[in-house]
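Data block below; observations after.
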Amino acid sequence: MYRNRHALTGPSRPNAVLHVTLNGIGAYRRLPDDIVFGAEQVAAAVRAQPFEIVLDEAMSFKHPGQPQAFVICGRQENEGLLDLRNQIQEGLYEAGLPYNVGGHLTPHMTMLYDRKTVLPEKLDRPVRWTVQEFLLIHSIYGKSEHHVINRWPLLG
C-alpha cells in the first residue's frame, strides 16, 4: 500500500529478519569470535520484562553510503525498550566492546531501500507486538542479509 502510495521501486526484503536495532557492535565481513563471545556474555546477563512496542509512522531514514531506508517507526518513548537498550549498552561498555551510548532512539523496522524520500506520516494501522526476546544478529550491510547468532528471552 505505501509502496504504491509513494511510488517506491526498491525491492522488498522478503528474506530479511525484520527487527528493531538497539545497538551496533561494528561492521564485520565475518564476525570475530571474541566479539560474539563477549556480546553473548553481555546478553545472558540482561534482565528485562516483556513489553509492548508500537510502530505508528512511516518515513525515510538516510543511512550513510546507502539508498534511503523506508522504515516504520515509533516516536513515543518506550520505557521497556530504553531499559533493554541501556542494559545492553552498559554491559558492552563494561566488557570493552563497541556500543552506541545515549542519544535518541527511534525504534524502527526497515522495510526496503529506495532513492525516493518519504516524509513522516502516520500509519493507517499501527504495528504492535509484545517483545518477548532479543537477538544477536549479524547484518550483512547492503545485502539485506541477516543471520541470527543467538536469542535470549525476556523473563524479568
Side-chain angles (χ1 to χ4, degrees), residues 1-3 10-63 66 68-113 120 122-156:
M1 175 164 92
Y2 291 94
R3 174 189 284 283
S12 296
R13 302 173 67 201
N15 297 323
V17 175
L18 295 177
H19 62 280
V20 175
T21 301
L22 295 181
N23 192 90
I25 56 172
Y28 308 98
R29 186 172 306 277
R30 180 179 146 7
L31 262 173
D33 290 339
D34 60 331
I35 297 288
V36 172
F37 178 79
E40 288 181 321
Q41 297 304 304
V42 168
V46 169
R47 297 292 175 259
Q49 296 285 334
F51 58 90
E52 184 178 66
I53 190 166
V54 177
L55 304 179
D56 58 0
E57 195 171 47
M59 65 187 303
S60 293
F61 273 4
K62 181 70 176 148
H63 291 294
Q66 294 184 2
Q68 296 180 85
F70 176 70
V71 304
I72 57 174
C73 60
R75 289 293 194 165
Q76 297 178 5
E77 264 197 24
N78 184 309
E79 209 171 295
L81 186 67
L82 290 174
D83 175 56
L84 178 60
R85 179 185 187 216
N86 288 340
Q87 286 188 58
I88 291 169
Q89 288 180 345
E90 288 171 12
L92 292 171
Y93 171 78
E94 290 172 8
L97 294 170
Y99 65 97
N100 303 331
V101 72
H104 179 72
L105 172 64
T106 301
H108 67 280
M109 188 178 294
T110 302
M111 306 308 290
L112 59 85
Y113 291 95
K122 289 286 184 196
L123 292 179
D124 297 333
R125 285 185 304 194
V127 175
R128 62 178 69 231
W129 74 95
T130 300
V131 176
Q132 298 182 10
E133 66 179 353
F134 66 103
L135 293 75
L136 176 60
I137 297 174
H138 183 203
S139 297
I140 311 298
Y141 290 108
K143 292 190 176 184
S144 290
E145 270 184 52
H146 301 86
H147 304 280
V148 176
I149 306 298
N150 208 337
R151 56 183 67 216
W152 296 268
L154 298 179
L155 302 172

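What's counted below: heavy atoms across the whole structure, side chains too, no hydrogens, waters or symmetry copies. Remember, it's a predicted structure, so these values are computed and weren't measured experimentally.
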Could you tell me whether the side chain of [Y] reaches within less than 4.5 Å of the side chain of [X], counting heavy atoms only?
X	Y	value
Leu31	His147	no
Val71	Leu55	no
Asp83	Gln49	no
His19	Ile137	yes
Phe61	Met59	yes
Leu123	Tyr2	yes

Test side chain to side chain donor-acceptor pair (under 3.5 Å) applied to Asp33 - qualifying residues, sequence neighbours left out: none
So, taking the atom named [atom1] in [X] and the one named [atom2] in [Y], what distance separates them when rounded to the nearest 0.5 Å?
X	Y	atom1	atom2	value
Leu136	His138	CG	NE2	9.5 Å
Phe51	Gln132	CZ	CD	10.5 Å
Arg151	Glu133	CZ	CD	4.5 Å
Leu81	Asn86	CG	CG	9.5 Å

Give the minimum heavy-atom separation between [X] and [Y], together with the two atoms involved.
X	Y	result
Asn23	Pro98	ND2-O, 3.8 Å
Leu84	Phe134	CD1-CD2, 4.0 Å
Trp129	Val20	CH2-CG2, 4.1 Å
Gly10	Leu112	O-CD2, 3.9 Å
Gly74	Asp56	CA-OD1, 3.8 Å
Leu97	Gly38	CD1-C, 3.5 Å

With side chain to side chain contact (heavy atoms under 4.5 Å, CB included) as the criterion, how do Asn150 and Val36 come out once you've worked through the C-alpha distance, each side chain's angles and the decisive distance to 0.1 Å? CA-CA 9 Å; Asn150 208 337; Val36 172; over 6 Å; no
Looking only at atom types and distance, does a side-chain atom of [X] sit under 3.5 Å from a main-chain N or O of [Y], one as donor and one as acceptor?
X	Y	answer
Asn78	Glu52	yes
Gln87	Arg47	yes
Arg85	Thr21	no

For atom CD of Glu79, decide whether the heavy atoms of other residues, nucleotides or ligands shown that lie under 6.0 angstrom number more than 12. no
Does the pair Ile72 and Met111 meet the rule for a side chain to side chain contact (heavy atoms under 4.5 Å, CB included), with working shown? CA-CA 7 Å; Ile72 57 174; Met111 306 308 290; 4.2 Å; yes
Quick one: list whatever passes ring pair (Phe, Tyr, Trp, His ring centres under 6.0 Å) with Phe37, sequence neighbours left out. none
